[in-house]
J.: 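I have a structure here, written as structure tokens, and I will follow up with some questions on it.
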Amino acid sequence: QVQLVESGGGSVQPGGSMRLSCDAVGATLDYYAVGWFRQFPGKEREGVAAITSSGGATSYSGAVRGRFEISRGGAKNTVYLQMNKLTTEYTAVYYCAAARRPWTFGHEIANTLASDIWYANWGQGTQVTVSS
């Protein structure tokens, strides 16, 4: 088990950018694949981006591809989600999640975006509001 804490959420104007951080508390994310999910009011969580434990493969949902970038920080306990060209449709609660699984390839990590069942460790979520 690893405890995750998201930060970096808040309000931004349409067209703006925001970077979310996912920090592991008292542990490293060396052996964990990490995914970012979002949840709209009244809806289930949906995967938006994921990265393997090595950082060698990433995957994005069609809704965010070209706008978002997931990356691992130099410190081994942080994963980032850079969000660009935001529109009001990106307003949601964003969660990071971690799974200690040996996924290596892009298609493996892509599959994890289809359902949140692949991830056992979750942060509390951070609100992102895009509004003028």
Side-chain angles (χ1 to χ4, degrees):
Q1 293 286 343
V2 61
Q3 182 181 352
L4 303 174
V5 178
E6 302 97 337
S7 61
S11 296
V12 64
Q13 292 188 338
S17 298
M18 183 176 285
R19 188 176 78 164
L20 304 182
S21 297
C22 175
D23 293 295
V25 179
T28 73
L29 292 171
D30 275 357
Y31 303 106
Y32 289 84
V34 175
W36 282 96
F37 289 72
R38 65 183 179 183
Q39 188 170 27
F40 302 112
K43 302 291 186 181
E44 294 185 354
R45 282 185 296 211
E46 61 179 47
V48 297
I51 189 167
T52 55
S53 58
S54 70
T58 59
S59 186
Y60 300 90
S61 69
V64 307
R65 188 174 295 116
R67 294 178 185 262
F68 288 12
E69 181 178 6
I70 187 171
S71 62
R72 292 188 169 269
K76 297 184 177 181
N77 63 336
T78 303
V79 171
Y80 300 106
L81 184 68
Q82 177 68 41
M83 307 186 293
N84 301 317
K85 302 177 184 177
L86 290 168
T87 67
T88 57
E89 288 75 25
Y90 291 91
T91 295
V93 177
Y94 285 75
Y95 298 86
C96 70
R100 188 168 177 139
R101 300 287 292 272
W103 299 313
T104 303
F105 302 106
H107 72 273
E108 294 178 304
I109 205 75
N111 289 338
T112 71
L113 298 181
S115 172
D116 62 9
I117 65 171
W118 298 102
Y119 294 90
N121 306 277
W122 290 84
Q124 81 288 352
T126 185
Q127 176 71 46
V128 171
T129 301
V130 185
S131 173
S132 57

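These numbers were taken from a predicted model, which means no experiment stands behind them.
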J.: First locate atom CD1 of I70, then atom CD of Q82, and finally report the distance between them rounded to the nearest 0.5 Å.
T.: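 Atom-to-atom, I70:CD1 and Q82:CD are 12.0 Å apart.
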J.: Are Y90 and M18 packed together at the side-chain level, in the sense that at least one heavy-atom pair is separated by less than 4.5 angstrom?
T.: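 Not in contact.
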J.: Which pair of non-hydrogen atoms, one from N121 and one from Q1, has the smallest distance, and what is that distance?
T.: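 Heavy atoms of N121 and Q1 come nearest at OD1-OE1, 2.7 Å.
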J.: Minimum heavy-atom separation for Q39 and A92, please, with both atom names.
T.: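 Looks like O-CB, 3.4 Å.
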J.: Do F37 and W103 belong together in a cluster built from hydrophobic side chains that touch within less than 4.5 Å?
T.: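 F37 and W103: one cluster.
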J.: Minimum heavy-atom separation for A50 to T112, with atom names?
T.: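 Looking at all heavy atoms of both residues, the closest pair is CB-OG1, 4.0 Å.
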J.: Which atoms form the tightest heavy-atom contact between C22 and L29, and what is the distance?
T.: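 Minimum heavy-atom contact is O-CD1, 4.2 Å.
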J.: Considering only heavy atoms from C-beta outward, does the side chain of R38 approach that of V64 to under 4.5 Å?
T.: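 When only atoms from C-beta onward are counted, V64 and R38 do touch, with a gap below 4.5 Å.
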J.: Between the main-chain N or O of V130 and the side-chain N or O of T91, is there a donor-acceptor pair closer than 3.5 Å?
T.: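 It does hold such a pair.
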J.: Got a donor-acceptor contact below 3.5 angstrom from the R100 side chain to the V2 backbone?
T.: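 Such a contact is absent between R100 side chain and V2 backbone.
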J.: Quick one: pull up CZ in F68 and OG1 in T58 and give me the separation to the nearest 0.5 Å.
T.: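 Result: 14.0 Å between the selected atoms.
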J.: Any idea how W122 and Y119 line up, ring-wise: parallel (<30°), tilted (30 to 60°), or perpendicular (>60°)?
T.: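 W122 and Y119: perpendicular rings.
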J.: Can you confirm whether V79 sits close enough to W36 that some side-chain heavy atom of one is under 4.5 Å from a side-chain heavy atom of the other?
T.: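 Answer yes - side chains close enough.
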J.: Measure the spacing between OG1 of T78 and CG of D23 and express it to the nearest 0.5 Å.
T.: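 Between T78 OG1 and D23 CG, I get 4.0 Å after rounding to 0.5 Å.
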J.: Provide the closest heavy-atom pair for S132 versus P14 in the form atom of the first, atom of the second, distance.
T.: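 Minimum heavy-atom contact is N-CD, 3.7 Å.
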J.: Within the distance-only criterion (no hydrogens, no angle test), does the side chain of E6 pair as donor or acceptor with the backbone N or O of G125 below 3.5 angstrom?
T.: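 Yes, the answer is positive, given that a donor and an acceptor are paired below the 3.5 Å cut-off.
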J.: Is there a donor-acceptor pair closer than 3.5 Å between any side-chain N or O of R72 and the backbone N or O of D30?
T.: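 Judged by distance alone, no pair lies under 3.5 Å.
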J.: D116: which residues meet the salt bridge (Lys or Arg N to Asp or Glu O under 4.0 Å) condition with it, sequence neighbours left out?
T.: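 So D116 forms a salt bridge (Lys or Arg N to Asp or Glu O under 4.0 Å) with R45.
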J.: Please report the closest heavy-atom contact between G47 and S61, naming both atoms and the distance.
T.: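 For G47 and S61, the tightest heavy-atom pair comes out as O-CB, 3.4 Å.
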J.: Is any side-chain heavy atom of L113 less than 4.5 Å from a side-chain heavy atom of Y60?
T.: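 A side-chain contact under 4.5 Å is absent here.
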J.: Starting from V128, can I reach V93 by hopping between I/L/V/M/F/W/Y residues whose side chains sit under 4.5 Å apart?
T.: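 Hydrophobic grouping puts V93 apart from V128.
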J.: For the pair S21 (side chain) and R19 (backbone), establish whether a donor and an acceptor sit closer than 3.5 Å, ignoring hydrogens and angles.
T.: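 No, because the side chain of S21 does not come within donor-acceptor range (under 3.5 Å) of the backbone of R19.
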J.: Report yes or no: do W118 and Y95 belong to one cluster of Ile/Leu/Val/Met/Phe/Trp/Tyr joined by side chain heavy-atom distances under 4.5 Å?
T.: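 Yes, one cluster joins them.
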J.: Just by modelled atom types, is the I109 backbone N or O under 3.5 Å from a matching donor or acceptor in the S59 side chain?
T.: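 No: the side chain of S59 does not pair with the backbone of I109.
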J.: Would you say I51 and Y32 make side-chain contact, with heavy atoms under 4.5 Å?
T.: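 No, every pair of side-chain atoms sits at 4.5 Å or beyond.
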J.: Could you give the distance from CD (E69) to CG (N84), rounded to the nearest 0.5 Å?
T.: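 E69 CD to N84 CG: 8.0 Å, rounded to 0.5 Å.
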J.: Under 6.0 Å from the CZ atom of F40, do we count more than 12 heavy atoms belonging to anything else shown?
T.: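 It does: F40 CZ has more than 12 such atoms within range.
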